[in-house]
Amino acid sequence: MRTVYWENDSLHLIDQRRLPGSLEIVTLHTHAQVAEAIRNMTVRGAPAIGAAAAFGMALAALESRARSAAPLLLDLESAARTLKASRPTAVNLAWAVDRILRALGNRLEGSSVDGIRQAVINEAQKIADEDVEINKRMGLHGSALLEDGDTIIHHCNTGALAVVDWGTALGVIRTAHEQGKRLHVLVDETRPRLQGARLTAWELEQYGISYEIITDNMAGYFLRSGQAQKVLFGADRVAANGDVANKIGTYMLALAAHDNRVPVYSVAPTSSIDLSLPDGSHIPIEERDPEEVLGLQFHGERVAPLGARARNPAFDVTPARLITAIVTENGIVWPPFDENIR
Ligand code: MRU
């Protein structure tokens with residue numbers, strides 16, 4: 001089953017807030033509902049929110065009451081602004097929305113409204129289908145980096161749930177597992193929203209891949225004691241110099257791995273690369289509701305005292321010098337990243 005799919009002129013998403021407790025599908029009919037689903041993380045993961053936003057544009061095309069091309073384009077541009085504003089860090093979102101607008105670019109003159117609507121739906125479907133194929137290719141390239149018997153520390157969720165299907169970093173692990181390599185995954189639980197403990201563990205359970213959940217602050221122990229041979233994660237945006245923005249905690253993990261000479265691999269489609277930004281300091285970092293930090297319960301009781309305040313940056317930037325290689329669908333990029341990414 002795909003995480004994001006189009007059926008009966010509406011968008012269907014696996015509700016990632018409900019997993020692993022229950023597997024529920026939500027059906028969305030408007031682009032505003034898609035923007036809200038991205039904001040509240042019903043759908044999450046850079047490529048998944050890109051594909052969802054593309055289908056959000058398809059919904060906007062169906063919602064529009066325009067009777068000619070020009071007002072329809074205005075409605076689509078307005079929807080594009082709403083969708084792009086839903087989450088700032090993963091560049092795949094803006095990439096997918098802009099790709100839809102670009103695809104219309106030459107078709108507008110003399111096109112019927114229905115023709116334009118169909119073109120938007122077709123392009124969104126193409127983005128989703130390509131995503132699956134791209135993930136499989138990253139899986140094949142990246143699996144060459146993993147050896148039989150490896151223990152891998154993995155951060156956040158980068159599996160089928162974070163994309164349309166298959167996965168980025170977890171897709172590499174899946175491919176290597178299917179090739180017969182015996183792997184063990186130490187799953188960072190990934191505070192505060194626990195994408196590792198909830199989603200990655202749920203996926204690994206289904207794929208039959210050996211894993212154990214660790215709290216984020218245990219990674220240094222496993223790296224220093226030689227119990228992990230690789231570190232794998234995805235990317236929400238890669239700057240032109242190879243700096244990688246990814247889920248909060250990635251930077252500390254990469255630091256500890258680097259200090260112990262453990263290879264660090266980021267797995268990301270080229271749609272996550274933003275050549276317009278010279279380095280990671282320009283990547284906008286989303287700061288989410290402090291309640292995501294404060295709401296944690298332990299033994300049924302809220303952990304933080306009432307009145308406590310918190311900070312909640314959702315991503316951090318790992319400098320390129322800490323990254324061994326970046327796996328893309330076109331192959332593995334090795335340093336110097338500022339030359340080789342281009
Ligand atoms: O806040 P999220 O859950 O959307 O963050 C997701 C990540 O940081 C992933 O690691 C990233 O999207 C790359 S993997 C597809």
Side-chain angles (χ1 to χ4, degrees), residues 2-4 13-17 19 37-53 86-96 128 131-132 134-136 138-139 142 152-174 185 187-203 216 231-238 244-254 264-274 280 283-289 292-293 312-318 323 326-329:
R2 289 186 174 191
T3 301
V4 175
L13 303 171
I14 294 179
D15 188 341
Q16 303 197 34
R17 299 165 306 171
L19 286 169
I38 293 172
R39 219 179 341 263
N40 69 25
M41 293 175 69
T42 302
V43 60
R44 49 144 297 282
I49 63 178
S86 55
R87 288 191 83 189
T89 303
V91 72
N92 312 61
L93 204 168
W95 169 87
D131 183 66
V132 183
I134 282 169
N135 282 303
K136 295 274 176 76
M138 289 192 295
I152 301 151
I153 300 188
H154 174 276
H155 197 63
C156 195
N157 172 267
T158 66
L161 292 167
V163 298
V164 176
D165 200 359
W166 199 254
T168 61
L170 208 62
V172 166
I173 293 170
R174 277 179 84 175
V185 186
V187 176
D188 267 0
E189 64 176 358
T190 317
R191 280 280 288 146
R193 289 190 65 106
L194 302 166
Q195 288 94 328
R198 294 190 304 111
L199 306 176
T200 300
W202 182 78
E203 287 197 39
D216 302 345
V231 164
L232 250 71
F233 47 78
D236 287 83
R237 195 183 300 223
V238 181
V244 170
N246 191 54
K247 178 53 53 196
I248 193 74
T250 303
Y251 172 47
M252 288 203 319
L253 175 62
V264 174
Y265 299 118
S266 171
V267 184
T270 48
S271 57
S272 300
I273 298 176
D274 185 350
I283 298 175
I285 300 294
E286 176 184 15
E287 184 127 3
R288 293 184 64 84
D289 186 350
E292 292 183 348
V293 175
N312 189 15
F315 301 92
D316 56 27
V317 174
T318 299
I323 293 173
I326 301 172
V327 179
T328 75
E329 71 273 26

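Start at 1 and go down the list; that is how both ligands and their atoms are numbered. For reference, positions follow the sequence shown, starting with 1.
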Protein heavy atom at shortest distance from [atom]:
atom	result
atom 5 (O) of ligand 1	Lys247 CE, 3.2 Å
atom 3 (O) of ligand 1	Arg44 NE, 2.5 Å
atom 7 (C) of ligand 1	Asp236 OD1, 3.2 Å

Q) Taking the six-membered ring of Phe315, is NZ or CZ of Lys247 closer than 6.0 Å to its centre and within 45° of its axis? A) yes
Just going by heavy-atom distances, which of [options] is nearest to [atom]?
atom	options	answer
atom 9 (C) of ligand 1	Asn246, Val267, Ile248	Asn246
atom 13 (C) of ligand 1	Ala314, Ala235, Ala46, Ser272	Ala235
atom 4 (O) of ligand 1	Arg288, Met41, Arg87	Arg87

In short, Thr318 meets Ala254 closest at the heavy-atom pair CG2-CB, 3.5 Å
Under 3.5 Å, is there a donor on one side chain and an acceptor on the other for [X] and [Y]?
X	Y	value
Glu329	Thr270	yes
Thr42	Asn40	yes
Asn157	Glu203	yes

Short list, please: which atoms of ligand 1 are under 4.0 Å from a heavy atom of [X]?
X	result
Ala162	15 (C)
Thr168	14 (S), 15 (C)
Thr158	10 (O), 14 (S)
Gln195	1 (O), 2 (P), 3 (O)

Do Ile248 and Pro192 come close enough that some side-chain heavy atom pair is under 4.5 Å? yes
Tell me whether ligand 1 is touched by Ala90 - counting only heavy atoms on the residue side and a distance under 4.0 Å. no
*NZ/NE/NH1/NH2 to OD/OE distance under 4.0 Å, Glu286 and Arg288*: yes
Discussion item. So that I can tick it off, tell me whether Asp274 and Arg237 are bridged by a salt bridge, with the cut-off set at under 4.0 angstrom between side-chain N and carboxylate O.
Written reply: yes
Worksheet item: Is Pro47 close to ligand 1, meaning an N/O of one under 3.5 Å from an N/O of the other?
Response: no
Is it true that, when you exclude Met252 itself, more than 12 heavy atoms of the residues, nucleotides or ligands shown sit nearer than 6.0 Å to its CE? no
Counting heavy atoms under 4.0 Å, the part of Phe315 that contacts ligand 1 is side chain
